[in-house]
Novice: 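Below you will find the structure I want to go over with you.
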Amino acid sequence: MTRARSDQQRHFPTGEPTNISRRRFLLGSAGVAGGALVLGFGIPLGAPKAMAQSAPPPIQPTVPAFIEIRPDDTVRFLSPFMEGGQGVHTAMAQIVAEELDMDPSVFVVESAPAGKVFQVMQGGMRITGGSMSVRLTYDFMRRLGASARAMLLQAAAGRLGVAVDTLSTEPGVVLHKASGRSLRYGELAPSALDLPVPDQSTLKLKDPAQFRWIGQPVARLDVYEKSVGKAIYTIDCAVDDMLHAAVQHAPRLGQTIGTIRNEDQVNAMKGVHSIHRLDGAVAVVAQRWWHAKQAAEALLVDWRDPEPDPEQRYMPADFSSDAFLDSLAASTDAGEEAESEGDLAGAMDNASQTIEATYRSQYLHHAQLEPPSALARFNPDGTLDVWAPNQAPDMFQGDMARVAGLDPSQVTIHSPLLGGFFGRHFLYPSGNPYPQAIKLAKATGRPIKLIWSREEEFLRDPLRPIAAVRFRAGLDDKGMPVAIEAVSACEGPTEGIANKRGPSIDESALEGLTKKAYAIPNRRIAQHFVKNPVMLAYWRSVGNSMNDFFYETFLDEVADKGGIDPFELRLNLLRDNDRLTTLLRSVEELAGGWKRGPFTAADGTRRARGVAMASPFGSEAAAMAEVSLRDGEVVVHDVWEAIDPGSIVNPAIIEAQVNSAAALGLSQVLMEEAVYKEGEPVAHNYDLYQILRPDQMPRVHVKIVESGAQMGGIGEPPLPAVPPAVANAVSTLTGQRVRSMPLSRLTFES
C-alpha cells in the first residue's frame, strides 16, 4: 500500500524578497535536495492583469512561491493550488518555466502546505476555485521564474569571471557565447543558493513574442503517473499503526443518536475495534475498512429529531424536493434588488407586447470519482497530521485545529491529488469526513483512515442549489426586448454554507442573471431568499450553471415572441460589443453556419440547433448544439463552443476543459437530479442517480479566441452556455418550450 510521507511544514519570514539559503538547517528537514536553489520570497503583489481594470490595488501582502532547482537539473515546484484534473500544476510549471528558461517537462509539481508564504492571491486569499488560479497569479509566477533565472546568471558570472550582461540562457543552461563556455542550472544551484534575490523592479520579463512554452500545448505533467496507477490520492494514503473507520449517518440532516439497539452484537463482529457516537453519525473502527463498513451498516440506531432551532439546518420528515420547487415557482415575492437599470415599470407599461415565464432547476450532486476520505494522526508531541482532499489548505488547517482543540501551527495538512473537483472540497458543515477522522483518532489513540461509502456520500454531499426564476419582458413594435425582469426564489451557496442570510445578496446566487452584456435598457434582477433544509454547496460554474440556462432559454422565448431569429437577436443586442460579436460569429463559423431548423440531416434524422452565451469568471463563451430525438429521448450530436479567455497558457488544457465542462453541462441538462422524498434522497448511488453515459457524449468542437482582454478563467466558463444551447435546440425541434432541467423529466414526441 502506498505510504504518505509527512513533509515538515516550512515557515519563512515575510517582507521583502528573502533568500532562505541562509537558513540551511531547515532544508534537510524539509526534504529539499542538497545543493538546491530554493526561493522562498515575498514578491509584493499588485493588482494582476485579470483584475487591474476592475478593482483598485489591494493592500500589498507579502506572498511567496517555492522553487527548488536540483543538481540533477530537475525542478521541484510547490504549487499554491490543488490539482484535481484541471491541469493547474502543468500551467503553473509552464509559466514559471518560461521565465526561468527551463523545459517544464523536468518539473515535479507538488501541492504546497498551508502557510502565509503560499498565499499568492490578492488579499492573502488562497483557494483553488472560481477558475482563479492562473489568471490571478500569472504575473506573480512569471516574476518567480525570472528571479530564479537572474540568480543563476549571477552565480554563473561569478563562476566564469565575466559580467552578467555577457551571459544568456538556453533551457537549463547558462551560456557565455564569447568563450563557448556553459554551465548547467544544476551545477550552479549550490553557488546561487547564497545570493540575494534580485530587486523585483530590476527584472525584465520576456516579450510574449519570445515565449517558448506559454501558449503552447505542453503535455500534462500528471498524465503518466495517473495512467500507470502511481498517482496518490487521499484514499490511497496510509501510515503505520493506523485503523480504518466507516460511518452510518442519520438518514435526515439534523437528527441525533438515540439508542443503538445491537451495539454488543456489532462489537463482536469480525475485525471490529470500537464503536463511536459522533454528531449525526455512528462510526465503527476496525482493522480493515471492509469490516468497518459492514459493521457500520449493521448498526440498528434509533435516530431522534432535534428540538426546534432556527439556527440549525434540519431536514423534516415530510420534505419533498418537488413540492419545495413548486412552492418556489409559486412565489410572488418581489425580492431584493441586486441590479436595476432604467425604468422597468414604465417600459413594461409602454411595451407593444409582454411575455412572462417561470423557469426552474434541480438539486445536483457533485458525484466526483473519489469518495470522501480523510486520514488523521496525532503525534507523540501533540501535533496533528491530516491527509484530506481540499481546495483551501489554510482554511482547512484552521478548522482542523478547531476540531482538535489545537493551535493551527500544531496542525499539518497534506493535500494529495483530488479525485474529482466540481467545488466539492470546501468547508461544508456536515459535508466533510475529516472532523470525524480527527475525533476518532483522538478517541482511539491511533491513526484513523476514514472513508465514506458511496451511499454515505450521497446522503451527506452538499448540493448545488435549487431555484425558480420568474421572468417578465417587454418588447417594442419591432419585437426587440426593451425591458426584462428576473426574480429568483432561492438560497445561494454562500448563504447556505453560512447557514444564514448575509448582510447583502449572495452574488453566487444570481451570477448569470446579473451583469449580462445584452443591450436591454430597462432591467431588474432580484432574489427572494428562501432557506433550504439541505446543505448547499458550490458546484462547477456555481450560479452560472443554472442562471445562464434560465436567462438564455428565456431569451429564445423572447425572440420567438417578437418574431426574431434568436441568433440574430443576440447579434443585435450585442451590436456595440465587438468582443462578444466576434465570439458569436466565431461559434457560427465553427459550426459551419447558423442553421436553426428543424431540418433533415444526412442520416435522415430530424434535427435542430440552439445557441447560447455565458460570461463566467472573466471569460466569454458561446455555444451551439445540434439535437434530434430517438425513442422520445434527446440525442445531442454535436456541441460547438467558442471561448475567449483573453489570453491563454496552454491550448491543449483549454480544449480538454471545454470537453469536460460540456460533458458535465450535458449531464445536468439531460438527466442529473438529486430528488428528495420524505426527507431522504431517492438515490444513494449511481444506479438511481443517472449521469451522462459514454454513448451519449457528442462530438465537441472547440475554438479558442484570444481577444487580448484581461485573462479569464478556464475550468468553469465552458459549462454554462451548453445546457441552454441544448434546451433551445430541443424547443425548436419539438415546438415544446423547455423551462426546466433535467430534460429526462419531460416527454417528447419523436
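No experiment lies behind these values; they were computed from the predicted model shown.
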Novice: Regarding Arg135 and Gln710, do their side chains bring together a donor and an acceptor under 3.5 Å, going by distance alone?
Specialist: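 Gln710 and Arg135 do not have a side-chain donor-acceptor pair below 3.5 Å.
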Novice: Do Arg360 and Ser740 meet the criterion of a side-chain donor-acceptor pair at a distance under 3.5 Å?
Specialist: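 There is no such pair (donor and acceptor under 3.5 Å, judged by atom type) between the side chains of Arg360 and Ser740.
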Novice: Less than 4.5 Å apart, any side-chain heavy atom of Lys515 and any of Ser615?
Specialist: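 Side-chain contact under 4.5 Å: no.
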Novice: State, with a plain yes or no, whether a side-chain heavy atom of Phe471 is found less than 4.5 Å away from one of Phe550.
Specialist: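 Heavy-atom side-chain distance check passes, below 4.5 Å.
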Novice: Will you find, in the side chains of Ser508 and Thr494, an N or O donor that is under 3.5 Å from an N or O acceptor?
Specialist: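 Side-chain D/A pair, Ser508 to Thr494: present.
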Novice: So, Gln690 and Ser744: side-chain donor and acceptor under 3.5 Å apart, yes or no?
Specialist: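 Side chains of Gln690 and Ser744: no pair found under 3.5 Å.
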Novice: Can Glu98 and Gln210 be counted as having a side-chain donor-acceptor contact under 3.5 angstrom?
Specialist: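 No - no donor-acceptor pair under 3.5 Å links their side chains.
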Novice: Kindly say whether Ala509 contributes a backbone atom to a donor-acceptor pair with the side chain of Asn547 at under 3.5 angstrom?
Specialist: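 Yes, the answer is positive, given that a donor and an acceptor are paired below the 3.5 Å cut-off.
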Novice: Is a side-chain donor-acceptor pair under 3.5 Å present for Ser131 with Glu716?
Specialist: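 Per modelled atom types, Glu716 and Ser131 side chains form a pair under 3.5 Å.
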Novice: Looking at Arg424 and Glu370, is there a salt bridge between them, counting it only when a charged N and a carboxylate O are closer than 4.0 Å?
Specialist: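 A salt bridge is absent here (no side-chain N lies under 4.0 Å from a carboxylate O).
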Novice: Taking Glu485 first and then Arg470, would you say they form a salt bridge - that is, a charged N and a carboxylate O separated by under 4.0 Å?
Specialist: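 Result for this pair is no, no salt bridge flagged.
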Novice: Flag the pair Asp565 and Arg609 as a salt bridge only when some basic side-chain nitrogen lies within less than 4.0 angstrom of an acidic carboxylate oxygen.
Specialist: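 No, no charged N to carboxylate O under 4.0 Å.
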Novice: Does a side chain donor of either Tyr518 or Asn577 reach within less than 3.5 Å of an acceptor in the other side chain?
Specialist: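 Result is no, nothing qualifies.
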Novice: Verify whether one side chain among Arg464 and Ser545 offers a donor that lies under 3.5 Å from an acceptor in the other.
Specialist: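 Yes, side-chain donor-acceptor contact under 3.5 Å.
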Novice: Does Lys703 come within less than 4.0 Å of Glu589, counting only side-chain N to carboxylate O?
Specialist: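 Salt bridge present between Lys703 and Glu589.
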Novice: Would you confirm whether Glu83, through its side chain, and His89, through its main-chain N or O, come within 3.5 Å as a donor-acceptor pair?
Specialist: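 Yes; judged by distance alone, with no hydrogens or angles, the pair exists.
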Novice: Among Asp578, Asp644, Thr582, which one satisfies side chain to side chain donor-acceptor pair (under 3.5 Å) with Ser707?
Specialist: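 Looking at Asp578, Asp644, Thr582, the match for Ser707 under the side chain to side chain donor-acceptor pair (under 3.5 Å) is Asp644.
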Novice: Got Ile67 and Ser147 here, is their nearest side-chain heavy-atom distance under 4.5 Å?
Specialist: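 No, their side chains stay 4.5 Å or more apart.
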Novice: Just so I know, are the side chains of Val639 and Arg699 near enough to count as touching, which here means a heavy-atom distance under 4.5 Å?
Specialist: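 SC-SC contact between Val639 and Arg699 ruled out.
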Novice: Inspect the contact between Arg220 and Glu225 and indicate whether a charged nitrogen and a carboxylate oxygen are less than 4.0 angstrom apart.
Specialist: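 No salt bridge links Glu225 with Arg220.
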Novice: Any donor-acceptor pair under 3.5 Å linking the side chain of Glu99 with the backbone of Val96?
Specialist: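 Not a single qualifying donor-acceptor pair exists.
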Novice: Are Arg570 and Asp556 close enough that some pair of their side-chain heavy atoms sits under 4.5 Å apart?
Specialist: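 In short, these two side chains touch, coming nearer than 4.5 Å.
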Novice: Is it true that the side chains of Asn390 and His425 contain a donor and an acceptor less than 3.5 Å apart?
Specialist: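 Side-chain D/A pair, Asn390 to His425: absent.
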Novice: Any salt bridge between Arg737 and Asp560, counting N to O under 4.0 Å?
Specialist: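 Yes, this pair counts.
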Novice: Measuring only between side-chain heavy atoms, which start at C-beta, is Val649 closer than 4.5 Å to Phe211?
Specialist: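 No - every pair of side-chain heavy atoms lies 4.5 Å or more apart.
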